[in-house]
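In what follows, a single structure is set out as structure tokens and then discussed.
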Amino acid sequence: MYYEFVLFDNFIMDVLLLSFAARLTETKLLFYRKILAALLGAVYALSVLFCPFLQNFFCKTTASLLICMTACFEKKNKGFYHFILAFYFVSLLFAGIALYLAEKHIRYHYLIMAAAVLYAFLCYADKKKLNQDKYYLLKIEYEGKVIEAFGFIDTGNKLCDAKGKAVILLERSLFQGEIDRLPLVFHCETVSGKSLLRGFKPEKLLLQKDDGNWISLSNAVVLADIGKAAYSAILPAQINAFGIIFKG
């Protein structure tokens with residue numbers, strides 16, 4: 001019965017490690033390949049009990065590479081190496097937490113359950129993303145002023161500032177000729193050449209949802225960049241109905 005637990009625990013943990021690595025690198029994993037990769041990792045962990053020499057660095061590295069290759073390797077997949085790095089990062093993070101729990105005499109099963117709950121919440125948050133085909137009303141507070149804008153979610157807007165904050169683009173005319181007074185300066189390079197954009201970190205940022213309720217947004221900065229158009233704001237791609245803006 002002990003061996004079945006070892007196989008099952010490692011299978012679940014490998015599924016979670018692969019899933020988190022895929023989220024970090026925005027890699028889409030086929031379900032059956034993720035299951036096969038996790039099963040391979042579980043079988044390796046079980047094999048170590050019978051053949052302790054398999055714990056050496058070479059065997060561990062080979063096994064981890066085979067797991068990653070089983071999960072997502074394709075000849076045209078340029079993000080495969082990023083996925084490997086993310087897999088190692090998540091694995092080391094989980095290993096560090098597991099060692100800490102062991103020192104505190106806490107069973108590592110709690111780590112597996114916590115990771116599963118966290119991943120389930122992230123998947124639920126994905127489903128709660130705002131409708132990308134609709135326009136939303138924004139209220140932006142800055143230096144005692146309230147700016148109202150009307151815009152949509154652009155799946156291509158994954159811009160971030162140097163600190164990783166998502167970027168909301170606003171129509172320049174909303175600033176009433178005070179663009180040069182905005183404190184933040186962004187150096188941008190596009191197909192049309194290099195330019196400087198000015199912006200600010202809002203004191204308060206509200207968005208009205210489909211049901212009429214307002215949610216507070218965080219982790220975003222505002223740039224003055226849009227000319228005259230049918231809309232006055234472009235929202236970042238990674239935004240959901242909880243008011244959470246993830247990095248692009």
Side-chain angles (χ1 to χ4, degrees), residues 8-42 44-45 60-61 63-101 108-132 153-168 207 215 217-221 235-248:
F8 179 75
D9 287 348
N10 281 277
F11 172 76
I12 296 299
M13 180 56 75
D14 285 333
V15 167
L16 290 170
L17 293 176
L18 291 167
S19 299
F20 279 113
R23 287 192 67 91
L24 286 175
T25 56
E26 296 185 352
T27 302
K28 292 184 179 180
L29 300 182
L30 294 175
F31 178 75
Y32 80 91
R33 293 189 63 171
K34 180 163 64 172
I35 295 301
L36 286 175
L39 186 59
L40 176 62
Y44 167 73
K60 285 183 176 179
T61 303
S64 61
L65 289 175
L66 286 175
I67 291 171
C68 291
M69 291 177 69
T70 303
C72 72
F73 179 75
E74 293 178 7
K75 290 183 179 180
K76 296 182 180 180
N77 185 3
K78 296 181 180 179
F80 176 66
Y81 299 106
H82 293 158
F83 179 82
I84 292 177
L85 292 176
F87 181 78
Y88 284 143
F89 169 76
V90 176
S91 298
L92 290 173
L93 179 62
F94 273 62
I97 297 174
L99 287 174
Y100 174 78
L101 293 178
Y108 73 93
H109 293 91
Y110 290 110
L111 172 61
I112 297 177
M113 288 188 289
V117 170
L118 174 59
Y119 186 75
F121 172 78
L122 292 175
C123 292
Y124 175 71
D126 282 345
K127 294 181 180 179
K128 284 292 184 178
K129 285 184 178 179
L130 296 173
N131 193 328
Q132 296 168 353
I153 297 173
D154 180 9
T155 56
N157 179 14
K158 296 185 179 181
L159 298 174
C160 291
D161 70 355
K163 295 182 179 180
K165 294 183 181 298
V167 172
I168 295 176
L207 179 143
I215 55 174
L217 304 181
S218 59
N219 198 35
V221 295
L235 299 168
Q238 300 299 326
I239 179 174
N240 63 28
F242 296 109
I244 303 171
I245 301 179
F246 298 101
K247 291 183 181 180

Over all heavy atoms of both residues, which pair between [X] and [Y] is shortest? Give the atoms and the distance, please.
X	Y	result
M69	R33	O-NH2, 3.1 Å
I67	G41	CD1-CA, 3.5 Å
A42	N10	CA-CB, 3.9 Å
D14	A38	OD2-O, 3.5 Å
L17	S91	CD1-OG, 3.7 Å
K34	L18	O-CD1, 3.8 Å

Problem - For T70, all residues meeting side-chain hydrogen bond (donor to acceptor under 3.5 Å, both in side chains), sequence neighbours excluded - result: none

Practice task
Mind checking side-chain hydrogen bond (donor to acceptor under 3.5 Å, both in side chains) for Y110 and listing every partner two or more places apart, or none if nothing turns up?
Solution key: none

Practice task
Please work out whether the ring planes of F20 and F94 are parallel, tilted or perpendicular, with thresholds of 30° and 60°.
Solution key: tilted

Any chance you could measure [X], atom [atom1], to [Y], atom [atom2], to the nearest 0.5 Å?
X	Y	atom1	atom2	value
L111	L16	CG	CG	9.0 Å
F87	L65	CZ	CG	9.5 Å
F83	F80	CZ	CZ	8.0 Å
I112	F8	CD1	CZ	8.5 Å
L92	I97	CG	CD1	11.5 Å
I84	C72	CD1	SG	7.5 Å

Problem - Pair L40-L36, side-chain contact (heavy atoms from CB on, under 4.5 Å): steps then yes or no - result: CA-CA 6 Å; L40 176 62; L36 286 175; over 6 Å; no

